[in-house]
Amino acid sequence: PAFGLFIFTIARDPLRIIILIAGAFFWLVSLLLSSLIWFIAVKASDPQDERLQKGLLIFGVMFSVLLQEAFRFLYYKLLRKAIEGLVALSEDGCSPISIQQMAYVAGVGFGLMSGAFSMINLLADALGPGTVGIHGDSQLYFLTSAFMTMVLIFLHTFWGILFFHGCEHRRWWEIAAVVIMHLTVSGLSFCNPLYVGSLVPSYLLMAAAAAWAYLVSGGSAQNLRRFLLCKC
């Protein structure tokens with residue numbers, strides 16, 4: 001369902017495709033830099049110290065989240081400049097795409113690239129060697145990983161809308177809320193293999209972020225009710 005966001009809402013518009021690809025590239029660069037820093041930290045430390053290695057892993061995850069949000073801000077600044085250029089070039093003085101639409105597409109770009117890397121890691125694990133659950137561990141690893149990948153794609157989409165809205169209206173507490181939610185969801189992954197401890201809170205946060213993004217985008221409870229009841 002998450003990859004359907006691209007097919008049904010972005011694929012027919014060339015400008016949106018460009019914005020999505022650029023957003024995916026920004027996320028990829030943030031991952032590359034955070035991975036490089038974590039790799040250097042691991043190589044410079046004692047590999048036999050399990051407590052230190054776990055601490056470095058936690059540091060790497062948290063640093064990666066902060067770097068992703070920093071690149072999201074840089075991408076917002078870039079798109080803001082792009083809107084000014086589009087307005088200057090247009091005949092009617094209007095941009096062909098709004099900042100709200102850019103926020104949505106950029107969020108989908110971040111989410112799809114994040115989901116693609118999650119799926120690549122999952123498929124690499126599926127190749128073996130070994131059998132999931134052979135030592136009494138949960139056999140739901142692949143299923144829960146797929147659900148977690150989906151929730152991250154949706155969350156990045158909603159976070160993009162909220163983050164851009166906070167930047168546009170200078171509501172820094174909205175930006176801080178996005179960063180805190182991102183840190184929380186990433187931190188919940190350390191609850192695994194207790195998958196209920198990570199999936200349930202993540203989906204609750206996704207529902208809250210979805211409702212919040214809907215409201216800041218101009219949605220109303222009445223419109224949502226009419227949509228659910230299929231009323232024009």
Side-chain angles (χ1 to χ4, degrees), residues 1-11 13 16-17 19-24 26-28 30-31 61-62 64-77 79-80 97-119 145-189 198-221 223-225 227-228:
F3 289 96
L5 293 174
F6 170 77
I7 297 174
F8 295 111
T9 64
I10 298 173
D13 191 328
R16 293 186 182 184
I17 293 176
I19 295 172
L20 180 139
I21 293 174
F26 268 71
W27 185 90
L28 191 60
S30 71
L31 178 67
V61 171
M62 300 299 110
S64 177
V65 168
L66 296 176
L67 201 58
Q68 287 177 45
E69 298 305 328
F71 270 79
R72 199 192 302 272
F73 178 74
L74 292 176
Y75 192 41
Y76 162 78
K77 300 295 288 185
L79 290 178
R80 208 69 189 83
I97 185 170
S98 66
I99 189 66
Q100 291 87 356
Q101 291 172 333
M102 283 186 170
Y104 166 76
V105 177
V108 174
F110 269 62
L112 287 181
M113 184 55 69
S114 172
F117 265 79
S118 297
M119 290 303 297
S145 296
F147 276 102
M148 197 65 188
T149 298
M150 184 177 71
V151 76
L152 281 174
I153 294 174
F154 280 123
L155 278 171
H156 270 293
T157 302
F158 303 141
W159 288 337
I161 296 172
L162 296 172
F163 194 97
F164 278 42
H165 184 268
C167 292
E168 194 72 8
H169 297 276
R170 297 189 180 277
R171 297 180 178 177
W172 306 117
W173 59 272
E174 287 186 350
I175 299 174
V178 170
V179 175
I180 291 172
M181 282 191 289
H182 199 168
L183 288 170
T184 301
V185 172
S186 298
L188 286 172
S189 63
S198 59
L199 277 177
V200 173
S202 296
Y203 271 83
L204 291 176
L205 278 174
M206 184 190 72
W212 191 3
Y214 174 75
L215 292 175
V216 301
S217 299
S220 65
N223 290 338
L224 180 61
R225 189 182 307 111
F227 170 75
L228 294 176

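Heads up: numbering here begins at 1 and tracks the sequence.
The side-chain heavy atoms of Glu168 and Tyr76, taken from C-beta on, include a pair separated by under 4.5 Å. Side-chain contact between Met102 and Arg80 is absent, with no heavy-atom pair separated by less than 4.5 Å. Using a 4.5 Å heavy-atom threshold, the side chains of Trp27 and Leu112 count as separate.
A distance of 3.5 Å separates CD1 of Ile19 from CD1 of Ile97, quoted to the nearest 0.5 Å. To the nearest 0.5 angstrom, His165 atom NE2 is 14.0 Å from Arg170 atom CZ. In this structure, the separation between CD1 on Ile161 and CD on Gln100 is 9.5 Å, given to the nearest 0.5 Å. Taking CD1 of Ile10 as the start and CD of Gln101 as the end, the distance is 10.5 Å to the nearest 0.5 Å. Between the CE atom in Met150 and the CE atom in Met206 there is a gap of 6.0 Å [rounded to 0.5 Å]. If you take CG on Leu183 and CD on Gln68, they are separated by 10.0 Å, rounding to the nearest 0.5 Å.
Using the six-membered ring where Trp is involved, Phe26 and Phe71 have ring planes that are perpendicular, over 60° apart on the 30 and 60° scheme. Between Trp212 and Trp173, the ring planes lie parallel to each other; the angle is under 30°, not in the 30° to 60° tilted range.
A centroid separation of 6.0 Å or more is found between the aromatic rings of Trp159 and Phe110.
Between the side chain of Ser189 and the backbone N or O of Val185, no donor-acceptor pair lies under 3.5 Å. The closest donor-acceptor contact from the side chain of Arg16 to the backbone of Thr9 lies under 3.5 Å.
For Leu67 against Ser30, the heavy-atom pair with the smallest separation is CD2-O, 3.3 Å. Residues Tyr75 and Gly23 come closest through the heavy atom pair OH-N, 3.3 Å. Considering all non-hydrogen atoms of both residues, Phe163 and Val178 come closest at N-CG2, 4.0 Å. Here the shortest heavy-atom pairing between Ser202 and Met148 reads OG-CE, 3.3 Å. Shortest non-hydrogen contact noted between Leu162 and Val216 is CD2-CG2, 3.9 Å. When all heavy atoms are compared, the tightest approach of Ser186 to Val61 is CB-CG1, 3.7 Å.
The 12-atom threshold is exceeded at OH of Tyr203, counting heavy atoms of other residues, nucleotides or ligands nearer than 6.0 Å.
Side-chain contact of Ser217 with Tyr104: a donor-acceptor pair under 3.5 Å is absent, judged by distance alone.
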